[in-house]
**Q** 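Sharing a structure, written as structure tokens. Questions coming.
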Amino acid sequence: MTLADIAAAFSLPFMARSLTAIVVLSLVGAIIGVIINLRDLEFISDGLAHSVFPGLVIGYVMAGTDGLLIGALIAAVIAAVLLTFVARRGVGSDAGIAVVLASMFSLGVVLVSREDGYVSQLEQLLFGRLLTVTDSQLWQIVVVSLVALALVLLTWRGQVFHAFDAAGFRAAGFRALAYDLVLNIAIALVVVAGSQAIGNLLVLALLIVPAAVARLVTRRLGWLAPIAALVSAASGVVGLLVSYQASVVHGLSASPSATVVLVLIVVYLAVLGGYSVVRWCSLRRAVTARSEESAAHRHTEAARS
Amino acid sequence: MTAPLAPAIVLDRATFSYGGTPSLVGVTASIGAGDAVALIGPNGSGKSTLLKGMLGLVPLVDGTVSVLGAQPRAVLGRIGYLPQSDELDPEFPVSLAQVVMMGRYRALGLARWPGKSDRQAVAEALEKVGLADQGGRRFGDLSGGQQQRGILARALTGQPQILLLDEPFNGLDRTNREALLATLKGLREEGVTVVTSTHDLELAREACTHVMLLNRHVVAFGPLESTLTLPQIERTFEDVGVEIDQHMVTTLPHEHG
């Protein structure tokens with residue numbers, strides 16, 4: 001595939017919309033994902049994603065595609081508030097999140113299964129339709145994503161402080177509940193924004209994988225978000241192109257959002273492999289250095305006696 | 001003698017509870033401005049609870065707590081707090097200077113970026129704890145004692161009038177211990193009120209003017225010389241004492257960890 005082919009592919013209106021959608025979602029998801037990673041909120045994010053699902057279904061059942069956004073938004077706010085309080089229980093909070101996750105998801109499946117042709121609708125809601133994003137859907141994605149991004153950027157410093165030292169954070173006079181609530185609403189909004197294009201479940205990968213890659217690449221706070229954003233956006237573009245190539249040129253219909261996620265996973269595994277090798281080498285160097293040091297020490301001791 | 005200052009912290013029959021049995025019952029005490037109080041008692045005696053109570057972080061179920069003449073939550077900007085540091089993640093990607101800057105976040109609010117005065121406050125705080133040249137190092141790469149001093153520096157960026165320290169000397173080697181003692185001494189000379197929990201009686205003697213002996217209630221509270229006496233300590237630790245051959249032996253949990 002030459003550069004000209006790539007330019008030609010993205011000059012198609014549907015491909016341009018898909019590209020914009022995936023770039024916006026991956027950038028915002030990656031930045032918010034840094035805070036999710038630092039605060040170890042991967043499981044609650046999964047809970048939020050599953051809890052938005054019945055909102056999508058109810059919206060769809062009541063008003064078709066136009067109802068998806070409003071249904072998801074309502075579910076997102078309810079889920080964010082509910083899970084914020086469930087997660088605050090500390091001991092046993094994982095069980096609480098799991099119960100919310102499973103019950104909300106089941107509710108969504110039961111509701112959608114009453115519809116005609118529900119398998120294809122279920123598939124659309126869970127895995128998204130990246131290539132058929134309309135102009136109005138694109139606007140929804142951009143606006144909802146930017147609201148989520150604004151919520152996280154405004155509270156960024158506090159979120160980092162909270163992640164590092166929760167006791168010190170509260171002692172400094174911050175309201176942990178407010179910060180939890182804002183973050184969970186932001187995560188739920190990204191799920192809402194991503195649901196129609198990437199799918200309700202796959203959007204989770206955009207929140208979690210890029211930040212995990214960045215954590216392996218750098219140990220500096222200031223670099224986490226830029227690296228995560230770069231990895232995520234690049235994987236989005238590559239995944240979209242791979243899926244386009246497979247479908248249009250080779251006639252293999254590959255889900256573009258799943259391809260994007262797979263590209264992200266490949267990047268993660270490659271970086272994890274590199275990280276392990278580097279770590280192993282530096283450990284080995286340290287061990288060798290120490291044994292040489294003690295050998296030299298023994299040598300001088302022996303010479304002295 | 002200078003004129004007596006208004007007390008920094010006043011507790012009146014204060015009872016704290018996380019729900020269920022109160023952790024600490026009926027604390028009445030007046031801590032003078034510039035005093036240094038050592039909280040001493042067995043594990044679970046309510047030392048940490050009292051410190052958190054002075055920050056308004058533990059529900060007060062009875063009595064009153066007044067800090068600098070107000071509710072604790074209203075004057076948090078003037079209180080520095082050093083939590084027990086063993087819960088911090090050594091892999092967390094922050095530098096020492098970034099950790100110390102966290103002490104300025106509350107005053108910065110949501111949208112303002114740290115400016116020159118904030119960076120200067122960080123540099124001064126690092127200087128005070130003897131880590132002036134270490135700001136760029138990753139927090140997790142510092143030794144336990146240096147991390148402890150880093151967190152103290154964070155508490156100092158707001159130039160607090162009151163410093164609450166939870167087991168600050170736990171697991172410190174001699175160098176870090178001396179450095180921390182010197183910092184505390186300097187702060188006391190500036191008139192900062194210090195309340196610290198500790199297992200270390202020797203340290204209480206070196207660094208404090210007053211002692212509060214705790215065992216879920218106040219066993220004794222007063223000036224160091226008249227309060228830190230053998231009979232009082234035996235009374236405080238009676239729960240963990242054993243009787244052997246008609247002699248009372250108390251096991252003092254010394255610096256461990």
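Chain naming here is simple, since letters A, B, ... match the order of the sequence lines and numbering starts at 1 in each.
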**Q** Tell me the ring pair (Phe, Tyr, Trp, His ring centres under 6.0 Å) pairs involving residues 134-163 of chain B, sequence neighbours left out?
**A** Phe164(A)-Phe139(B)
**Q** Which answer fits Leu153(A), side chain, backbone, both or neither, if we ask what part of it has an atom under 4.5 Å from a heavy atom of chain B?
**A**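 When you check distances to chain B, no heavy atom of Leu153(A) falls under 4.5 Å.
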**Q** Phe161(A) vs Val94(B), test: side chain to side chain contact (heavy atoms under 4.5 Å, CB included). Steps then yes/no.
**A** CA-CA 10 Å; Phe161(A) 191 172; Val94(B) 274; over 6 Å; no
**Q** If I compare all heavy atoms of Leu55(B) with all of Ala171(A), which pair ends up nearest, and what's the gap?
**A**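 Heavy-atom minimum between the residues: CD1-CB, 3.9 Å.
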**Q** Heavy-atom cut-off 4.5 Å, strictly under: side chain, backbone, both or neither for Pro114(B) against chain A?
**A**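 Pro114(B) touches chain A through backbone and side-chain heavy atoms alike.
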**Q** Looking at every heavy atom in both Leu224(A) and Pro93(B), which two are closest together, and how far apart are they?
**A**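 Closest approach of Leu224(A) to Pro93(B): CD1-CG, 3.7 Å.
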**Q** How about the chain A/chain B donor-acceptor pairs under 3.5 Å, what are they, with distances?
**A**
| from | atom 1 | to | atom 2 | distance (Å) |
| --- | --- | --- | --- | --- |
| Arg157(A) | NH1 | Arg112(B) | O | 2.8 |
| Arg157(A) | NH2 | Gly109(B) | O | 2.9 |
| Arg157(A) | NH2 | Arg112(B) | O | 2.6 |
| Asp165(A) | OD2 | Arg154(B) | NH1 | 3.1 |
| Asp165(A) | OD2 | Arg154(B) | NH2 | 2.6 |
| Gly173(A) | O | Arg106(B) | NE | 3.2 |
| Gly173(A) | O | Arg106(B) | NH2 | 3.3 |
| Arg215(A) | NH2 | Glu91(B) | O | 3.2 |
| Leu221(A) | N | Pro93(B) | O | 3.2 |

**Q** Would you mind checking which part of Leu110(B) comes under 4.5 Å of any heavy atom in chain A, side chain (CB onward), backbone (N, CA, C, O), both or neither?
**A**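 Contact with chain A is through both the backbone and side chain of Leu110(B).
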**Q** Need one label for Ala166(A): side chain, backbone, both or neither, based on atoms under 4.5 Å from any heavy atom in chain B.
**A** neither
**Q** Can you name the nearest heavy-atom pair linking Ala172(A) to Leu76(B), along with the distance?
**A** C-CD1, 4.3 Å
**Q** Based on non-hydrogen pairs under 4.5 Å, which of Leu108(B), Ile151(B), Ile79(B), Leu82(B) is most in contact with chain A?
**A**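 The residue among Leu108(B), Ile151(B), Ile79(B), Leu82(B) with the greatest pair count is Leu108(B).
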